[in-house]
Amino acid sequence: MRWAGLWYVLLLLCAPAAAEQSTDELTVCAASQLQSAGSYRMGFEQLQHLAALSTPLISRGEVELQPAGSIRWHVIEPIDYELFIDVNGMVTSSDGATFDHPAIMRLVRMLLTMDTRALAATFVITGNCNDQDWSLHLTPTDELLKGLFEHINANGGHLLSGVELVAHSGDRTVFRFADLAADPSGN
């Protein structure tokens, strides 16, 4: 019995440790799953956890990644409004106003499209990815995003499932994506 225990310990010591995935491996793995959909539409629920409030602010709506790469963000509750983000990051609201929030719009685009180059250039990335799902912990290196967020968590599978934005103040914004409907042909 003593030898069996010793062999077990030796096997554990000699077994290769689970390799930590590099930034490139993580982003490429996650991107390969997301890129199976040329366009998609999904519902979302946004919960804003603010230190000053005991309950989160909740909004719901729909986000659509269009085949040309533009994004339609439609908030349905509590008020109805839409934002259109073109491929250059310019935002147009449903009332016709245009504005540009470069860091936030870049972040939205990076996460919805899993832009591996942009993510790797903007964050220190840790996490895990396998054939079925992925999760990323993103620590900003970009000065503007570093000023806004302590870190960002994202997870998904074939589509983005959730994002948590954690501000330095401790405030958190959580997005849960559901009612997923992918169009693998990109139409």
Side-chain angles (χ1 to χ4, degrees), residues 7-47 49 56 58-74 85 87 89 103-142 145-146 148-166 172-187:
W7 281 110
Y8 179 72
V9 169
L10 286 173
L11 280 173
L12 287 176
L13 291 174
C14 296
E20 194 171 302
Q21 292 172 296
S22 72
T23 294
D24 287 343
E25 290 170 329
L26 285 168
T27 57
V28 167
C29 177
S32 69
Q33 291 185 33
L34 282 177
Q35 288 176 356
S36 65
S39 65
Y40 57 84
R41 189 179 64 181
M42 57 188 163
F44 71 85
E45 179 177 64
Q46 176 182 343
L47 294 93
H49 300 271
I58 300 172
S59 59
R60 292 179 180 85
E62 181 178 274
V63 63
E64 180 180 3
L65 176 64
Q66 299 172 342
S70 58
I71 298 166
R72 181 179 143 270
W73 192 273
H74 182 193
I85 307 167
V87 294
I104 300 299
M105 294 308 112
R106 203 169 65 237
L107 175 61
V108 169
R109 178 171 300 293
M110 281 188 269
L111 291 172
L112 288 176
T113 63
M114 196 51 61
D115 183 340
T116 58
R117 285 190 182 140
L119 284 169
T122 310
F123 298 97
V124 172
I125 302 172
T126 57
N128 61 62
C129 184
N130 57 47
D131 293 339
Q132 291 144 16
D133 56 20
W134 52 269
S135 65
L136 303 177
H137 179 82
L138 310 161
T139 304
T141 56
D142 173 87
L145 288 175
K146 238 193 321 191
L148 296 172
F149 304 111
E150 180 180 308
H151 66 271
I152 298 165
N153 296 314
N155 62 71
H158 293 292
L159 294 171
L160 188 62
S161 298
V163 173
E164 176 186 42
L165 307 169
V166 181
R172 295 179 310 117
T173 302
V174 177
F175 293 93
R176 296 180 192 146
F177 298 99
D179 301 323
L180 307 176
D183 180 358
S185 68
N187 294 321

For N130 and Q132, work out which heavy atoms get closest and say how close. OD1-N, 2.8 Å

Quickly, which of L136, L107, I125, L145 forms a side-chain contact (heavy atoms from CB on, under 4.5 Å) with I152? Name it, please. L107

Spatial distance of atom CZ (F44) from atom CG (L160) [nearest 0.5 Å]: 12.0 Å

Of all pairs that satisfy salt bridge (Lys or Arg N to Asp or Glu O under 4.0 Å), the ones with a partner from residues 126-141, not counting sequence neighbours: none

What distance do Q46 atom CD and R60 atom CZ have between them, rounded to the nearest 0.5 Å? 11.0 Å

Identify the two heavy atoms, one from T139 and one from H151, that lie closest to each other, and give their separation to 0.1 Å. OG1-CB, 4.4 Å

For S70, the side-chain hydrogen bond (donor to acceptor under 3.5 Å, both in side chains) test, sequence neighbours excluded, returns Q66

Side chain proximity check, S161 to F177, heavy atoms < 4.5 angstrom: no

Quick one: salt bridge (charged side-chain N to carboxylate O under 4.0 Å, His left out) partners of R176, sequence neighbours excluded? E45

Distance, nearest 0.5 Å, that separates CG of L111 from CG of L165: 8.0 Å

dist L47:CG -> F175:CZ (nearest 0.5 Å) comes out at 9.5 Å

Which heavy atom of P140 sits nearest to which heavy atom of E150, and what is that distance? CD-O, 3.5 Å

Value for CG (D142) from CE (M110), rounded to nearest 0.5 Å, stands at 7.0 Å

Can you find a pair of side-chain heavy atoms, one from V63 and one from V108, that are under 4.5 Å apart? no

Rounded to the nearest 0.5 Å, how far apart are CZ of R117 and OG1 of T122? 13.0 Å

Quick one: salt bridge (Lys or Arg N to Asp or Glu O under 4.0 Å) pairs with a partner in residues 155-164, sequence neighbours left out? E164-R172

Contacts of type salt bridge (charged side-chain N to carboxylate O under 4.0 Å, His left out), residue E64, not counting sequence neighbours: R72

Test side-chain contact (heavy atoms from CB on, under 4.5 Å) applied to S135 - qualifying residues, sequence neighbours left out: N128, N155

